[in-house]
Amino acid sequence: MAGKIPLSYYQEEDVVFLARDLLGKILVTKIGNSITGGIITETEAYAGINDRASHAYGGRRTGRTEVMYNYGGMSYVYLCYGVHYLFNIVASKRETPHAVLVRGVYPVIGWETILCRRNMAIKSSKVSNGPGKLTKALGINLTHNGLTLDGDVIWLEDRGVIIKQGHILTSKRIGVAYAGDDAHLPYRFNLQFEKYI
DNA sequence: CGTACGATCTGCT
DNA sequence: GCAGATCGTACGA
């Protein structure tokens with residue numbers, strides 16, 4: 001597959017830079033015979049043991065968070081609110097538990113399959129514009145935790161989409177009010193994408 | 001072992 | 001705009 005992004009890309013130590021750089025990349029899944037993918041439109045950075053919003057804050061290391069301590073370029077999928085799977089990309093080096101939460105994509109591959117998974121009839125920018133929605137749209141679940149993102153199940157492609165800085169909206173992260181001062185960090189990045197379709 | 005709660009979405013009002 | 005769904009994880013006893 002042309003343009004598949006190598007693992008070295010994710011081993012960037014500046015997870016905030018990586019979160020912003022991931023905008024415009026294509027997230028692709030192959031589940032069975034179904035290939036689906038979307039352009040990444042929204043991300044959040046989680047900066048390891050010093051970030052109170054991170055699952056790895058304070059060096060917390062459990063069965064769930066263990067994969068965050070692995071090398072950059074692995075998937076970290078977990079269940080949120082008992083209902084939704086959330087997809088993260090592990091960043092940086094081994095033992096540095098940085099991660100980027102992918103919060104939204106816009107479908108570019110496999111619209112039919114995506115709409116079917118989402119139980120929707122017509123194309124809409126809302127089909128995968130949320131962290132729980134995109135995992136359902138792309139067929140991602142807990143069995144996809146701990147995969148390397150240069151494999152044949154989940155990978156990212158760089159199709160050379162150019163992102164103008166003026167099209168990126170930076171803001172506070174969502175749903176992390178418990179994180180004290182860290183809740184205000186400008187670690188969320190939105191591609192103002194729907195405006196330009 | 002028990003319990004509180006969460007990096008959310010949907011449907012109903 | 002808001003409440004309910006729904007269950008694994010984390011942590012304290």
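Numbered from 1 within each chain, the chains take letters A, B, ... in sequence-line order. Note that these values count all heavy atoms, side chains included, but never hydrogens, waters or copies made by symmetry.
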Inset, instruction - Both distances under 3.5 Å, Watson-Crick or G-U wobble: on that basis, could you give the dot-bracket string for DNA chain B, with [ ] for crossing pairs and | for other-strand partners? - result: ||||||.|||||.
Inset, instruction - Identify whether NZ of Lys or CZ of Arg in A:Arg64 sits under 6.0 Å from the centre of the six-membered ring of A:Tyr76 and within 45° of that ring's axis. - result: no
Side-chain N or O of [X] less than 4.0 angstrom from OP1 or OP2 on [N]?
| X | N | result |
| --- | --- | --- |
| A:Arg60 | C:dT9 | no |
| A:Tyr178 | B:dA7 | yes |
| A:Thr62 | C:dT9 | no |
| A:Arg118 | B:dT10 | yes |
| A:Lys126 | B:dC9 | no |

Inset, instruction - Among B:dT10, B:dA7, C:dA10, find the nucleotide with the atom closest to the side chain of A:Tyr76. - result: B:dA7
Would you indicate what [X] reaches in the nucleic acid, counting non-hydrogen atoms under 4.0 angstrom: base, sugar-phosphate, or nothing?
| X | answer |
| --- | --- |
| A:Thr65 | sugar-phosphate |
| A:Arg173 | nothing |
| A:Ile174 | sugar-phosphate |
| A:Lys136 | nothing |

Legend entry - Interatomic spacing from CE in A:Met74 to CE in A:Met68 - rounded to 0.5 Å: 13.0 Å
Inset, instruction - Mind checking the CG-NZ spacing from A:Leu156 to A:Lys4? Nearest 0.5 Å is all I need. - result: 10.5 Å
Legend entry - Ring-ring centroid check A:Trp111 A:Tyr106, cutoff 6.0 Å: yes
Legend entry - Centroid-centroid under 6.0 Å between A:Tyr85 and A:Phe87 rings: no
Could you state the [atom1]-[atom2] distance from [X] to [N], rounded to the nearest angstrom?
| X | N | atom1 | atom2 | value |
| --- | --- | --- | --- | --- |
| A:His55 | C:dA10 | NE2 | P | 8 Å |
| A:Tyr46 | B:dA7 | OH | P | 7 Å |
| A:Leu101 | B:dT8 | CG | C1' | 11 Å |
| A:Arg103 | B:dC9 | CZ | P | 7 Å |

Inset, instruction - Report the residue from A:Arg103, A:Arg20, A:Lys172, A:Arg173 that forms a salt bridge (Lys or Arg N to Asp or Glu O under 4.0 Å) with A:Glu44. - result: A:Arg103
Inset, instruction - For the residue pair A:Asp21 and A:Tyr9, confirm or rule out a side-chain donor-acceptor distance under 3.5 Å. - result: yes
Inset, instruction - Using the test side chain to side chain donor-acceptor pair (under 3.5 Å), find all partners of A:Arg61 that sit at least two apart in sequence or belong to another chain. - result: A:Glu66, A:Glu95
Inset, instruction - Identify the heavy atoms of A:Cys80 and A:Leu86 that sit nearest to each other, and give their distance. - result: CB-CD1, 3.7 Å
Inset, instruction - Please work out which residues in residues 79-96 of chain A have a non-hydrogen atom less than 4.0 Å from an atom of DNA chain C and list them by number. - result: A:Leu79, A:Tyr81, A:Gly82, A:Val83
